[in-house]
Engineer: 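The structure that follows is given in the form of structure tokens.
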Amino acid sequence: MSIDSVTPLNAGGWEAVIGLETHVELSTASKMFCGCRADIPEEPNTACCPVCLALPGALPVPNEQAIEGIVRIGTALGCEINETSLFYRKNYFYPDLPKNYQISQYTFPVAEHGALEIDVEGEPFTVGITRVHMEEDTGKSTHVGDGGGRIHDASHTLLDFNRAGVPLVEIVTEPDIRTPEQARAYGAELQRVVLALGVSDAKLEAGSMRFDANVSVRRPGEEFGTRTETKNVNSLRSLQRAVAFEIERQIAVLESGGTIVQETRHWNEDTGKTSSMRTKEESEDYRYFQDPDLLPLSVDETWRLRAVEALPELPGAARTRFRDAGVDPVNAETLLDNPALAALFTDAVAAGAPGRLVANWLTGEVIAQLRRDEVDVSDTSLSSSHLVELASMVDGGDLSSSAAKDVLTRAMAGEGTPRAIAEANDLLQVSDTGAIEEVVEQVLVDNPDALEKVRSGDMKPLGFLTGQVMRQMGGKADPKVVQQVLRAKTQGE
Amino acid sequence: MADLADLTIAEAGRGLRAGDFTAVDLLDAVTKRATMTEAQLHAYLTLDSGGARAAAEKADADLASGDDHGPLHGIPVALKDNMVTKGVETTASSQILAGWKPPYDGTAVARLKAAGAVITGKTNLDEFAMGSSTENSAFGPSRNPWDHTRVPGGSSGGSAATVSVGSAFGSFGSDTGGSIRQPAALCGVVGMKPTYGMVSRYGLIAFASSLDQIGPFSRTVEDSALLLDAVAGWDRMDSTSIDGDVPAFSGSLSKGVEGLRIGLVTELMGEGIDPQVKAAVTAMADKLAGAGAEVIEVGLPASEYALSAYYLIAPAEASANLARFDGVRYGHRTEHLEGTTEDMMAMSRAEGFGPEVIRRILLGTYALSAGYYDAFYGQAQRVRTLMRNDFASAYEQVDVLISPTSPTTAFPVGERAADPIAMYYSDVCTIPSNLAGDPAISVPVGLDDQRLPIGFQIMAPALGEEVMYQVAAEVERLAGFTDRAPLATSEVVHP
Ligand SMILES: [Zn+2]
């Protein structure tokens with residue numbers, strides 16, 4: 001892909017090269033290779049069996065629901081789904097890895113060669129997807145002692161294997177990303193894709209979706225620089241900050257004549273810095289080899305086609321649809337992140353309501369009210385038919401736009417349909433030309449000076465006259481109709 | 001009447017149903033035999049007297065109430081100690097698992113229990129099934145019933161010895177490179193390795209997952225088929241188990257060999273095969289020809305490299321399979337806990353594993369290392385493919401292949417212990433079938449001049465158990481081998 005033309009450079013003419021590895025825990029009923037529940041109960045070691053505890057003699061059996069999930073993710077990311085994919089053993093010793101190898105994939109992952117189109121502040125940008133592969137999660141270690149959870153000062157370590165064996169999908173990008181903002185936008189878009197597919201709850205703060213950021217810097221056109229891998233990034237904001245910090249750190253090191261060490265770094269949310277995690281500099285040898293306990297996994301044509309047919313509307317398509325309906329870019333992103341509001345929007349627009357107006361209400365008054373009350377939209381009485389009715393009342397001049405906002409809030413509170421609310425609260429405005437004409441004529445009679453000025457071409461008093469009419473009508477006249485009538489009466493005679 | 005412990009499974013089954021004796025009588029007979037022989041043989045690591053008695057009593061009660069579980073109902077059967085048994089110590093003959101009582105039964109064990117078998121106990125093996133003599137057991141070696149100064153073969157030496165002396169009617173072992181067939185040959189019993197995937201590996205402590213297969217030891221070919229019938233068939237807990245109908249192997253044993261084409265493997269009759277073994281195999285080949293089979297010589301050229309390939313593939317898989325023994329969740333944990341968790345894991349492993357296991361873990365780890373993978377593990381996999389191709393072309397010419405099971409008869413304890421390569425050579429005739437995933441059986445055909453048994457191997461294509469058993473039954477009939485290991489009761493050392 002051509003990126004040179006748009007490559008944003010950092011201070012000193014450095015270009016950052018960023019690749020992201022994202023782990024997504026699938027919300028399947030059972031674990032990847034055994035029948036234990038996969039929802040990770042609180043009570044430690046209550047969702048374990050011989051297989052996920054790696055007791056002698058136990059064997060893995062793949063979870064079809066998990067394979068379905070990864071095939072859906074791969075399909076949504078435009079990947080080629082391999083007809084045959086292979087499970088490998090990734091060997092390393094760690095106390096929370098029961099077998100001391102992780103079942104993962106190496107050559108022939110489930111899916112590869114895809115792309116995700118993202119939106120960076122209104123600009124489209126494509127991130128290549130190298131591969132999407134299936135693996136299993138580890139258990140959880142808690143280091144107990146004086147060291148504040150650090151392994152070297154711990155007196156002992158507690159192990160919880162409830163998470164061990166939970167299906168994990170790893171999504172690896174090409175080194176296409178160039179800025180912290182793009183990294184964040186990619187993370188956000190991938191999260192939306194996963195949520196749209198319904199294969200994971202993708203909660204960053206709970207660790208069911210997590211990012212590792214590979215960052216290096218170089219002069220444009222040069223070979224890739226030495227990269228570092230930053231872990232422990234628990235939010236989209238942290239992702240952006242961690243990448244930004246790492247770019248600046250590497251530039252500073254290089255500009256002061258130093259060299260970058262290939263290493264794993266740890267993001268510290270409190271200090272806003274990354275720090276070196278591993279002292280050993282040699283790259284780990286995982287001694288990958290094909291797992292003899294598992295047959296090659298075949299995903300046939302029927303399965304692949306079914307995955308394509310079952311794809312829901314993905315965020316990219318939804319974004320285009322929102323914008324085509326007149327929604328401004330910022331509001332479109334807000335709708336993308338609020339599926340329940342997006343659903344109301346979609347239904348209201350389908351029933352003929354104007355997209356821009358409805359989106360403004362949903363991303364304005366509605367969200368504000370939901371935040372105030374700390375509830376979801378499904379907890380309120382708001383329906384798409386309310387939005388349609390409200391829009392038609394505004395469009396027909398029965399309701400001023402400020403009154404409409406009031407009605408909207410009341411509709412959410414369950415006070416009734418918009419028309420009923422407007423009537424009950426005396427909020428309807430008069431757009432009956434006859435009634436307005438009467439008042440206009442009286443006002444013109446009462447203000448001959450103003451009338452004279454307008455007639456001689458000075459339009460300034462029109463505002464004053466409109467105000468007079470509105471006041472006499474108790475604010476319930478449609479100001480547009482009032483102005484029309486005023487113009488007709490002043491020009492026409 | 002003969003001692004009950006000397007009956008075949010088929011005979012014992014008939015007697016049980018005729019009311020001649022009970023399952024408890026059968027258990028008492030093998031227990032008595034064990035008491036008589038264990039001091040010399042050390043075939044068992046654990047005798048589960050309580051569990052066995054309860055199972056035998058239940059078998060009698062069930063039979064009395066008309067609830068017949070089939071041919072193994074009430075039959076005492078021993079299990080190699082790498083087969084996981086619920087509540088009964090399972091060690092794989094390793095210090096690292098000493099005292100471990102599993103919370104579950106492996107699939108084969110569960111099927112045997114469901115078939116009414118009485119599990120007598122757990123038999124000795126080379127640690128984690130790594131060896132060919134049962135000398136590599138952390139709990140002391142087993143001895144050959146025919147000559148107590150010699151090894152019973154391995155790694156399933158304990159299981160072979162129990163059946164040989166009658167301290168079990170049948171037993172099960174695991175065969176990764178010959179670990180059932182070679183000790184069967186050395187102990188003068190029938191030992192059979194099924195097609196890879198025929199018997200679930202769930203609950204078999206893994207040595208080399210792509211090669212391991214559970215199979216039976218018995219005194220007759222018929223008993224072998226009865227034992228296999230009870231455990232064979234698809235298991236949802238083992239992804240590599242074969243999904244499909246399994247015929248009753250005990251059904252087709254008397255068809256003879258008339259019209260069958262039999263290939264004597266040239267490469268397995270060369271140098272390194274003991275002349276007496278070679279002569280016995282040739283003699284049997286002639287008898288088979290006399291019985292109406294067409295016997296020809298067939299080549300398996302890749303078998304020259306099979307041993308080398310095996311000793312890369314098996315250790316490589318083992319290096320990962322044995323990684324779980326780390327002192328964290330079960331088994332031996334070091335008392336030296338001053339360092340990090342990583343130090344604890346490393347120390348527990350160093351203390352818990354024996355030298356042969358450590359040797360193979362190191363070998364396997366090296367074979368999989370970056371930069372060496374292709375030259376070692378990759379190359380070994382290519383040999384495996386060649387081996388399969390060789391078998392495929394051989395089976396275009398013949399129905400089964402024959403060869404010696406072991407290049408020699410039982411060798412003296414200690415003779416090969418210090419020379420791993422000489423020990424590895426014990427499996428030269430058996431390894432090809434493991435690499436191909438094919439079934440093979442060893443049937444005793446006679447004794448050498450030192451009265452040590454000679455085993456005759458019959459190999460068949462994948463899922464060819466029926467024709468394999470068909471030929472094995474004929475070999476058994478033609479050999480007329482009825483000798484039993486001497487019961488040296490006078491030599492019992494009373495403590
Ligand atoms: Zn489990």
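Every chain is numbered from 1, with letters handed out A, B, ... down the list of sequences.
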Engineer: Quick one: which of B/Gly339, B/Ala316, B/Ser239 has the most heavy-atom pairs under 4.5 Å with chain A, could you say?
Structural biologist: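 Top option by heavy-atom pairs under 4.5 Å: B/Ser239.
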Engineer: Under 4.5 Å, heavy atom to heavy atom: which of residues 356-375 of chain B reach chain A? Give them by number, or say none.
Structural biologist: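 The stretch touches chain A at B/Thr365, B/Leu368, B/Ser369, B/Ala370, B/Tyr373.
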Engineer: Counting heavy-atom pairs closer than 4.5 Å to chain B, which one of A/Leu294, A/Asp293, A/Leu159, A/Leu295 comes out on top?
Structural biologist: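 Greatest number of close heavy-atom pairs with chain B: A/Asp293.
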Engineer: Heavy-atom pairs under 4.5 Å with chain B - which of A/Gly35, A/Ala58, A/Pro60 has more of them than the others?
Structural biologist: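 Max contact count across the listed options: A/Ala58.
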Engineer: Please confirm whether the backbone N or O of A/Ala47 pairs with a side-chain atom of A/Asn162, one donor and one acceptor, at under 3.5 Å?
Structural biologist: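 Here the side-chain-to-backbone pair exists.
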Engineer: Only one of B/Asn82, B/Asn124, B/Asp81 forms a side chain to side chain donor-acceptor pair (under 3.5 Å) with B/Ser93, so which one is it?
Structural biologist: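 The side chain to side chain donor-acceptor pair (under 3.5 Å) with B/Ser93 is passed solely by B/Asn124 among B/Asn82, B/Asn124, B/Asp81.
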Engineer: Could you tell me whether A/Asp212 and A/Lys231 have a side-chain N and a carboxylate O separated by less than 4.0 Å?
Structural biologist: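 So A/Asp212 pairs with A/Lys231 through a salt bridge.
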Engineer: Would a distance-only check, ignoring hydrogens and angles, find a side-chain to backbone donor-acceptor pair under 3.5 Å from B/Asn136 to B/Met130?
Structural biologist: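 At least one qualifying donor-acceptor pair exists.
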Engineer: Could you tell me which of A/Pro292, A/Pro56, A/Ala54 has the largest number of non-hydrogen atom pairs under 4.5 Å with chain B?
Structural biologist: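 Among A/Pro292, A/Pro56, A/Ala54, the one with the most close pairs to chain B is A/Pro56.
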Engineer: Count the heavy-atom pairs under 4.5 Å between each of B/Leu204, B/Asp212, B/Val84 and chain A, then report the option with the highest count.
Structural biologist: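 Counting heavy-atom pairs under 4.5 Å, the top option is B/Leu204.
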Engineer: Distance-only, no hydrogens or angles: does the A/Thr264 side chain make a donor-acceptor pair with backbone N or O of A/Glu229 under 3.5 Å?
Structural biologist: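 A pair under 3.5 Å: no.
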Engineer: Should the pair A/Arg163-A/Glu136 be classified as a salt bridge under the 4.0 Å nitrogen-to-oxygen rule?
Structural biologist: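 Judged by the 4.0 Å cut-off on N to carboxylate O distance, A/Arg163 and A/Glu136 do not form a salt bridge.
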Engineer: Using 30° and 60° as the class limits, which term best fits the ring planes of B/Trp100 and B/Tyr330: parallel, tilted or perpendicular?
Structural biologist: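 The arrangement is tilted - the two ring planes meet at 30° to 60°.
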Engineer: Examine distances only and state if a side-chain atom of A/Glu112 and a backbone atom of A/Glu80 form a donor-acceptor pair shorter than 3.5 Å.
Structural biologist: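 Answer holds: no.
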Engineer: Answer yes or no: is there a side-chain heavy-atom contact under 4.5 Å between B/Thr85 and B/Leu79?
Structural biologist: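 SC-SC contact between B/Thr85 and B/Leu79 confirmed.
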Engineer: Go through the atoms of B/Leu337 and report whether side chain, backbone, both or neither lie under 4.5 Å from a heavy atom of chain A.
Structural biologist: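 No part of it gets close to chain A.
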Engineer: Report yes or no: does A/Ser298 contribute a side-chain atom to a donor-acceptor pair with the main-chain N or O of A/Asp300 at less than 3.5 Å?
Structural biologist: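 Pair absent, no side-chain N/O of A/Ser298 close to backbone of A/Asp300.
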Engineer: Strictly under 6.0 Å, is that where the ring centroids of A/Tyr101 and A/Tyr286 end up?
Structural biologist: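 No, they do not, as the ring centres are separated by 6.0 Å or more.
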Engineer: Using modelled atom types and a 3.5 Å cut-off, is there a donor and acceptor pairing between side-chain atoms of A/Arg227 and backbone atoms of A/Ser216?
Structural biologist: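 Checking the backbone N and O of A/Ser216 against the side chain of A/Arg227, no donor-acceptor pair under 3.5 Å is found.
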Engineer: Which atoms of B/Phe207 are under 4.5 Å from chain A, going by heavy atoms: the side chain, the backbone, both sets, or neither?
Structural biologist: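 For B/Phe207, no heavy atom lies under 4.5 Å from chain A.
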Engineer: Under a 4.0 Å threshold between the charged nitrogen and the carboxylate oxygen, would B/Asp438 count as salt-bridged to B/Arg388?
Structural biologist: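 Between B/Asp438 and B/Arg388 there is no salt bridge, as every charged N stays at least 4.0 Å from the carboxylate O atoms.
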Engineer: Measuring heavy-atom distances to chain B, does A/Phe161 have an atom under 4.5 Å in its side chain, in its backbone, in both, or in neither?
Structural biologist: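 Side chain only.
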Engineer: Do the charged groups of A/Asp39 and A/Arg37 touch, with an N to O distance under 4.0 Å?
Structural biologist: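 The answer is yes: the pair qualifies as a salt bridge.
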Engineer: Is any residue of residues 85-92 of chain A within less than 4.5 Å of chain B by heavy atoms, and which ones?
Structural biologist: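 A/Arg89, A/Asn91 fall under the 4.5 Å cut-off.
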Engineer: Measure B/Arg236 against the heavy atoms of chain A and call it side chain, backbone, both or neither at under 4.5 Å.
Structural biologist: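 Backbone only.
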